[in-house]
Protein chains: 2
Amino acid sequence: MTTPFEAMAGLDRLIHEPARLAILTALSAAQSVDFLFLQRLTGLTKGNLSTHLSKLEEAELVKIDKHFEGKKPITTIYLTTKGKTAINNHWQQLEQLRDNVREWEQQQKASE
Amino acid sequence: MTTPFEAMAGLDRLIHEPARLAILTALSAAQSVDFLFLQRLTGLTKGNLSTHLSKLEEAELVKIDKHFEGKKPITTIYLTTKGKTAINNHWQQLEQLRDNVREWEQQQKASE
DNA sequence: TAAAACCAGTTTGCATTACAAACCAGTTGT
DNA sequence: ACAACTGGTTTGTAATGCAAACTGGTTTTA
């Protein structure tokens with residue numbers, strides 16, 4: 001049997017990291033986002049946002065579409081299906097873990 | 001006004017990091033823990049656990065008491081008051097943020 | 001019509017990390 | 001006596017996360 005704490009320690013850092021958690025959650029809440037809007041939402045610097053997005057793209061959690069709107073280059077970011085389930089599962093997992101901790105706590109008290 | 005995503009990106013990494021989240025949560029759930037018990041609970045390697053604990057001690061979130069039990073050296077770890085509120089607040093904050101996201105999401109839909 | 005300022009990002013450099021392997025001081029088994 | 005075990009700590013390394021500097025183009029200003 002594995003404790004909830006062990007599961008906690010094993011949380012996926014790619015998703016759990018605050019900046020990326022913010023990005024993925026924002027993407028799951030908003031329908032479509034371009035780079036600058038996402039920057040405003042998360043408060044990240046451009047450089048920071050850019051590297052996090054690359055990492056997420058590499059993991060196939062987001063899709064990045066670069067195109068022009070008139071003469072302006074625009075980067076639009078989407079969650080992939082994989083990304084959508086990943087971020088939803090992560091939040092669910094956090095909730096679940098917290099419940100499991102409470103349960104574990106009761107069992108400890110009971111078996112004493 | 002600051003978005004929930006911005007708050008999310010600003011989460012305290014000292015506490016949020018999976019291994020330390022596990023350690024602090026375990027400490028808040030169990031009454032007293034010695035090093036080896038904590039290692040079993042979290043599944044971390046000794047080295048890893050040791051350095052994380054040092055970091056948490058430095059931040060005054062935990063107190064580390066080294067003493068002998070017969071001839072065995074035993075390290076017992078406690079949450080400080082600061083640590084106790086920190087971990088509780090963190091979990092609460094996560095829950096709160098999730099709620100705030102849902103709220104934000106509704107507002108976006110409404111204002112479209 | 002230069003050049004200064006701005007836009008939409010990317011790359012670079014650096015300081016911090018998280019991690020496991022190696023290590024250490026002592027104790028127990030054989 | 002010496003090998004194996006306990007209870008950890010220190011060390012080395014590869015991977016972050018971050019902002020500052022840069023890039024390639026466009027618009028404004030002088």
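By convention in this document, chain letters (A, B, ...) are assigned in the order of the sequence lines, proteins followed by strands, and residues within each chain are numbered from 1. Note that these values count all heavy atoms, side chains included, but never hydrogens, waters or copies made by symmetry.
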Strictly below 4.0 Å: does A/R20 bring a side-chain N or O up to OP1 or OP2 of D/dG17? yes
B/T25: which residues meet the side chain to side chain donor-acceptor pair (under 3.5 Å) condition with it, sequence neighbours left out? B/W91
OP1 or OP2 of D/dA19 under 4.0 Å from side-chain N/O of A/T45: yes
Mind checking ring-ring contact (aromatic ring centres under 6.0 Å, His included) for B/H90 and listing every partner two or more places apart, or none if nothing turns up? B/H16
If the condition is side-chain contact (heavy atoms from CB on, under 4.5 Å), which residues does A/I64 pass it with, not counting sequence neighbours? A/L53, A/E57, A/V62, A/K66, A/T75, A/I77
Residue pairs passing the ring pair (Phe, Tyr, Trp, His ring centres under 6.0 Å) test with at least one member in residues 41-75 of chain B, sequence neighbours excluded, are none
Please enumerate all residues that pass side chain to side chain donor-acceptor pair (under 3.5 Å) together with B/S54, with sequence neighbours excluded. none
Between the protein and nucleotides 28-30 of chain C, are there any N/O to N/O pairs under 3.5 Å, and if so, what are the atom names and distances?
none

Which part of the nucleic acid, if any, lies within reach of B/E17 when heavy atoms closer than 4.0 Å are counted: base, sugar-phosphate only, or nothing? sugar-phosphate
Quick one: ring pair (Phe, Tyr, Trp, His ring centres under 6.0 Å) pairs with a partner in residues 21-41 of chain A, sequence neighbours left out? none
For residues 46-62 of chain A, which residues have at least one heavy atom under 4.0 Å from DNA chain C? A/K46, A/G47, A/S50, A/T51
Residue list, side-chain contact (heavy atoms from CB on, under 4.5 Å) with B/E103, at least two apart or on another chain: B/N100, B/Q107
